[in-house]
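Only one structure is covered here, and it is reproduced in the block below.
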Protein chains: 2
Amino acid sequence: MPKPTFFNLPEAKRKAFLETALEEFAGRDYESASISQIVAKLKIAKGSFYQYFEDKRDLYLYLIELAAQERIRFVKSLPPPDPQKSFFAYTEWLLEMGVRFTFEYPRLNQIIYRAMFGTLPFRDEMLQRMKESSQDYIRQVLMQGIAAGEIEPDLDLELVAYLLNLITNDFNNFLIKKLELDPQRLMEGDYSQLDLEAIRGVFTKAMEFVRYGLAKRRV
Amino acid sequence: MPKPTFFNLPEAKRKAFLETALEEFAGRDYESASISQIVAKLKIAKGSFYQYFEDKRDLYLYLIELAAQERIRFVKSLPPPDPQKSFFAYTEWLLEMGVRFTFEYPRLNQIIYRAMFGTLPFRDEMLQRMKESSQDYIRQVLMQGIAAGEIEPDLDLELVAYLLNLITNDFNNFLIKKLELDPQRLMEGDYSQLDLEAIRGVFTKAMEFVRYGLAKRRV
DNA sequence: ATAGAATATGACCAGTTAGTCACATGACCG
DNA sequence: CGGTCATGTGACTAACTGGTCATATTCTAT
């Protein structure tokens, strides 16, 4: 946890600090991310950093916690389609929200992605910080789908939740490849290249796979 | 490419070098992996390393190439089930081979995984080295499945190949969680904890999802 | 035995890192 | 004004990094 000093900081300074720290930790993995670089970019003294945080790891775990909270906040901020209507519409919406989050908060998304799939010297502490994991959330939604009779009840929920979570988290990588987007420009907040129609088309295709699998449809 | 000197090395020494280098690069990301650590473990002089390779990146790209080749060799070394019989049996076999490779060559697998999903200062050169990517291979197999009339022809092949590749590559992570395996012991080559029956059960469930998706089966 | 090439060595360099600490500055309060 | 406490500072440490290079050793072929 950050020291009290950090929270006493004028908001502008605190925001600027987080901005820069997120930038640093989003682009490189934990070991490579550099406190020295952060303070250099911010033009503050090295000592100041250690007034705000215990150490590097303290900052990193805080950033993860922040990113995870922000993602949950983001997903909850927009109303889902009528949940009663169709489980699959809901899942597609979830997928879409994941991608939108990626585009709107690319750095936060990177941090989460790294924390989930990367190497970390302290996975356990990290997982604690991401209490409400999206995987648990997906599992809940799946159970609702089963209750509503839309989903095959014989599925291994844990397995499917894992796979869906995996797909959701990695989907933007596919989009970037498929639509030949420039990740650099996206990272810099330039969305002019986004073709929302095309993206929605890919969503629909992805949902077809999730819904019916590969097998030839029986007509 | 390694310098000629490296290939002139007595086989035992060359193997030992690769062993140690793989260990180092499997465990940490590119920036964190340390040449100094490698030569220290091998008890050879720093200068010797630079007789074998141009630089760090030269070694890394070589390791990736090696790992990718080894994976292809491994998959091709065991005969698949009758390819004419069922596309899905074939795909399940492919998934199984992926997992078996993970268990038998955990370090090689880590390197490939890192190369595909991690951060890299030179993605392009890396992708060139992994010419025959498993994703292309999966796409071929899918096309055969369509030709055989087993697979829905309306699918977006590129998308599905991407998702299948993703699942195959990450599946062992799920297995480890699901079967509560100890990754540390696996890394050290201790497979006594493996329950092949249980693993096969998870495969089957995963293939059900891949085959029919989430939707409730029509009976 | 000897020349010449191939290989091995480790001190050294310039650069980086996380973290510390004695001190300076600033803000608020009586 | 003075005093006290929070905040800011940057030189410094010890440890590390990738890479170089002059020198030493070992191998090979005559």
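Here is how names work: the chains are called A, B, and so on, in the same order as the sequence lines, proteins then strands, and each is numbered from 1.
Nearest heavy atoms, B:Gln135 versus B:Asn165: OE1-ND2, 3.5 Å.
Annotation: proximity of residues 43-61 of chain B to DNA chain D (heavy atom, distance under 4.0 Å) is found for B:Lys46, B:Gly47, B:Tyr50, B:Asp55, B:Lys56, numbered in ascending order.
Classification of the A:Tyr105-A:Phe74 ring pair by plane angle, with boundaries at 30° and 60°, yields perpendicular.
Within the 4.5 Å cutoff, no side-chain heavy atoms of B:Leu94 are placed close to those of B:Leu164. Residues A:Phe171 and A:Leu175 form a side-chain contact, since some pair of their non-hydrogen atoms from C-beta on lies under 4.5 Å apart. Using a 4.5 Å heavy-atom cutoff, the side chains of A:Ile38 and A:Phe49 are not in contact. Considering only heavy atoms from C-beta on, B:Asp29 stays 4.5 Å or farther from A:Tyr30 through its side chain.
Checked against side-chain hydrogen bond (donor to acceptor under 3.5 Å, both in side chains), A:Ser192 has the following partners two or more places apart in sequence or in another chain: A:Arg185, A:Asp190. Applying the salt bridge (Lys or Arg N to Asp or Glu O under 4.0 Å) criterion to B:Arg14, with sequence neighbours excluded, gives no partner residue.
When DNA chain C is scanned 5' to 3' for any atom under 4.0 Å from a heavy atom of chain A, the first and last hits are C:dT17 to C:dC21. With a cutoff of under 4.0 Å to any heavy atom of chain B, the contacted region of DNA chain D is bounded 5' to 3' by D:dT17 to D:dC21.
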Distance-only donor-acceptor hits, side chain of residues 1-10 of chain A, under 3.5 Å, sequence neighbours excluded:
| from | atom 1 | to | atom 2 | distance (Å) |
| --- | --- | --- | --- | --- |
| A:Lys3 | NZ | A:Tyr50 | O | 2.8 |

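Checked options A:Lys41, A:Lys13, A:Arg107; the residue passing with A:Glu19 is A:Arg107 (criterion: salt bridge (charged side-chain N to carboxylate O under 4.0 Å, His left out)).
Using a 4.0 Å heavy-atom cutoff across all strands shown, B:Ala40 reaches no nucleic acid atom at all. Among the atoms of the strands shown, only primed sugar atoms or phosphate atoms (P, OP1, OP2) are found under 4.0 Å from some heavy atom of B:Lys13.
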